[in-house]
Student: 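After the structure tokens below, expect a handful of questions from me.
Residue numbering restarts at 1 for every chain, and letters A, B, ... go by the order of the sequence lines.
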There are 2 protein chains.
Amino acid sequence: MARAATTADTFNAVAEPRRREILDALAQGERPVNELVTLLGLAQPHVSRHLRVLREVGAVVVRDEGRQRLYRLNPQALKPIHDWVASYQHLWEERFDLLEDVLEDLKEEH
Amino acid sequence: MARAATTADTFNAVAEPRRREILDALAQGERPVNELVTLLGLAQPHVSRHLRVLREVGAVVVRDEGRQRLYRLNPQALKPIHDWVASYQHLWEERFDLLEDVLEDLKEEH
DNA sequence: CCAATGCATATCCATATGGGTATACAATCG
DNA sequence: CGATTGTATACCCATATGGATATGCATTGG
């Protein structure tokens, strides 16, 4: 078995830096493919394929507008990732918690 | 060029579900490889290799204890992921913000 | 109606993957 | 010291990748 498909889930889709760039660009608002091509400095077919991956995991949605295709971000798709990392957040912030505890103890001693 | 190495960064390392399982297990505390093997139901060599990937991106640290190797989580490594998704959080929560605005407007009208 | 524009898809290629299995190495036990 | 336990590494394989490039298709403009 090879590595899981990039379209397997948002985690895989977003592991690719270019795709994160695309999402970052779309965070500003809806954009046609051509604009993303210019922004990323990638060949158009590549951008189209990255967009396809993002579409398949639901991270973006398309809308036809004449001969253009406008892509829009679907932020909800990122929520699972957020939920997962968020459960670790207290761990890397623990030091501050510990510091607070120490300060609390010091206060009580006086 | 093929897909980026899983050891390229934490995003890639964590795209693999088994590796997320490993991190989840380590969130409970330090564990020897064998324990992870049992927990994940994977072959030992696979677990060792997943651990290696996680080590290379700094998501875990090892400590030798006799003939065991105790792995420990390094939560800091997940911060970049958190920071990235967090910047999108307001977007999927926007609906609530909008709702609040509407409610605010209604209040002011009365 | 034909040309041009905007995208998507199809190939070709080198590469890294994750699973399977065998094996090497280190530490401990008797 | 030899056997056992706990891990890491070495291979073999099928698969999907991302980049490159060519091409197909639809919409619009002259």
Student: According to a strict under-4.0 Å criterion, is H50(A) in side-chain N/O contact with OP1 or OP2 of dG19(D)?
Tutor: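 Yes, H50(A) has a side-chain N/O under 4.0 Å of OP1/OP2 on dG19(D).
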
Student: Could you state the CG-C1' distance from D64(A) to dT28(D), rounded to the nearest angstrom?
Tutor: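 The answer, rounded to whole Å, is 14 Å.
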
Student: Without decimals, in angstroms, what is the distance between Q44(B) CD and dG20(C) C1'?
Tutor: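 Rounded to the whole Å, the gap is 13 Å.
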
Student: Can you tell me the distance, in whole Å, between the CD1 atom of I22(A) and the C1' atom of dC7(C)?
Tutor: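 Taking atom C1' of dC7(C) as the reference, CD1 of I22(A) is at 14 Å.
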
Student: Which sits closer to the 5' end of DNA chain D, R67(A) or A2(A), going by the nucleotide each is nearest to?
Tutor: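 Final value for this comparison: A2(A).
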
Student: OP1 or OP2 of dT5(D) sitting under 4.0 Å from any side-chain N/O of N34(B)?
Tutor: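 The answer is no; no side-chain N or O of N34(B) sits under 4.0 Å from OP1 or OP2.
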
Student: Compare every heavy atom of A59(B) with every heavy atom of A77(B), then report the nearest pair and how far apart it is.
Tutor: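 Reported closest heavy-atom pair: CB-CA, 3.7 Å.
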
Student: Does anything in residues 6-20 of chain A reach DNA chain C, meaning a heavy atom under 4.0 Å, and if so which residues?
Tutor: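 Of all residues in residues 6-20 of chain A, none places a heavy atom under 4.0 Å from DNA chain C.
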
Student: If you find the nucleotide of DNA chain C closest to P45(A) and the one closest to A4(A), which residue's nucleotide is nearer the 5' end?
Tutor: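 Of the two residues, P45(A) wins.
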
Student: Over how many whole Å does the gap from R49(B) atom CZ to dA10(D) atom C1' extend?
Tutor: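 Taking CZ of R49(B) and C1' of dA10(D), I get 10 Å after rounding.
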
Student: Give the rounded distance in Å between these two atoms: CG of L51(A) and C1' of dA8(C).
Tutor: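 It works out to 11 Å between those atoms.
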
Student: Could you measure the distance from the OH atom of Y88(B) to the CG atom of L78(A)? Nearest 0.5 Å is fine.
Tutor: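 The distance works out to 6.5 Å.
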
Student: What's P32(A) touching, base or sugar-phosphate or nothing? Going by heavy atoms closer than 4.0 Å.
Tutor: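 Result for P32(A) = sugar-phosphate.
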
Student: I'd like to know if the side chain of H50(B) pairs up with that of R18(B) as donor and acceptor (distance under 3.5 Å, no hydrogens or angles considered).
Tutor: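 Their side chains do not contain a donor-acceptor pair, so the 3.5 Å distance test is not met.
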
Student: Any side-chain N or O of R69(B) under 4.0 Å from OP1/OP2 of dA8(D)?
Tutor: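 For dA8(D), OP1/OP2 do have a side-chain N/O of R69(B) under 4.0 Å.
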
Student: In whole Å, what is the span from the CZ atom of R63(B) to the P atom of dT7(D)?
Tutor: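 After rounding, the gap between these two atoms is 12 Å.
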
Student: Please state how far atom NE2 in H46(A) lies from atom P in dT11(C), giving the value in whole angstrom units.
Tutor: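 The distance from NE2 of H46(A) to P of dT11(C) comes to 16 Å, rounded to the nearest Å.
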
Student: Could you check whether any side-chain heavy atom of V14(A) comes within less than 4.5 Å of a side-chain heavy atom of L23(A), counting everything from C-beta outward?
Tutor: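 Yes, at least one pair of side-chain atoms sits under 4.5 Å.
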
Student: Nearest-Å distance, CE (M1(B)) to C1' (dA16(C))?
Tutor: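 My rounded result for the distance is 12 Å.
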
Student: I'd like to know if D24(B) pairs up with R20(B) as an ion pair, taking the criterion as any Lys NZ or Arg NE/NH1/NH2 lying under 4.0 Å from an Asp or Glu carboxylate oxygen.
Tutor: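 No salt bridge links D24(B) with R20(B).
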
Student: Salt-bridge test for E30(A) and R63(A): reply yes if a basic N is under 4.0 Å from a carboxylate O, no otherwise.
Tutor: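 Answer for the salt bridge query: yes.
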
Student: Does dG6(D) have its OP1 or OP2 closer than 4.0 Å to a side-chain nitrogen or oxygen of Y71(B)?
Tutor: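 No, outside the criterion.
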
Student: Assess whether a salt bridge exists between E56(B) and R52(B), defined as any Lys/Arg side-chain N lying under 4.0 Å from an Asp/Glu carboxylate O.
Tutor: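 Salt bridge: yes.
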
Student: Taking only side-chain N and O atoms of R3(A), does any of them lie within less than 4.0 angstrom of OP1 or OP2 on dT17(D)?
Tutor: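 Looking at the OP1 and OP2 atoms of dT17(D), neither is under 4.0 Å from any side-chain N or O of R3(A).
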
Student: Given dG6(C), dT7(D), dA8(C), identify the nucleotide with an atom nearest to the side chain of Q68(B).
Tutor: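 From the listed options, dT7(D) comes nearest.
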
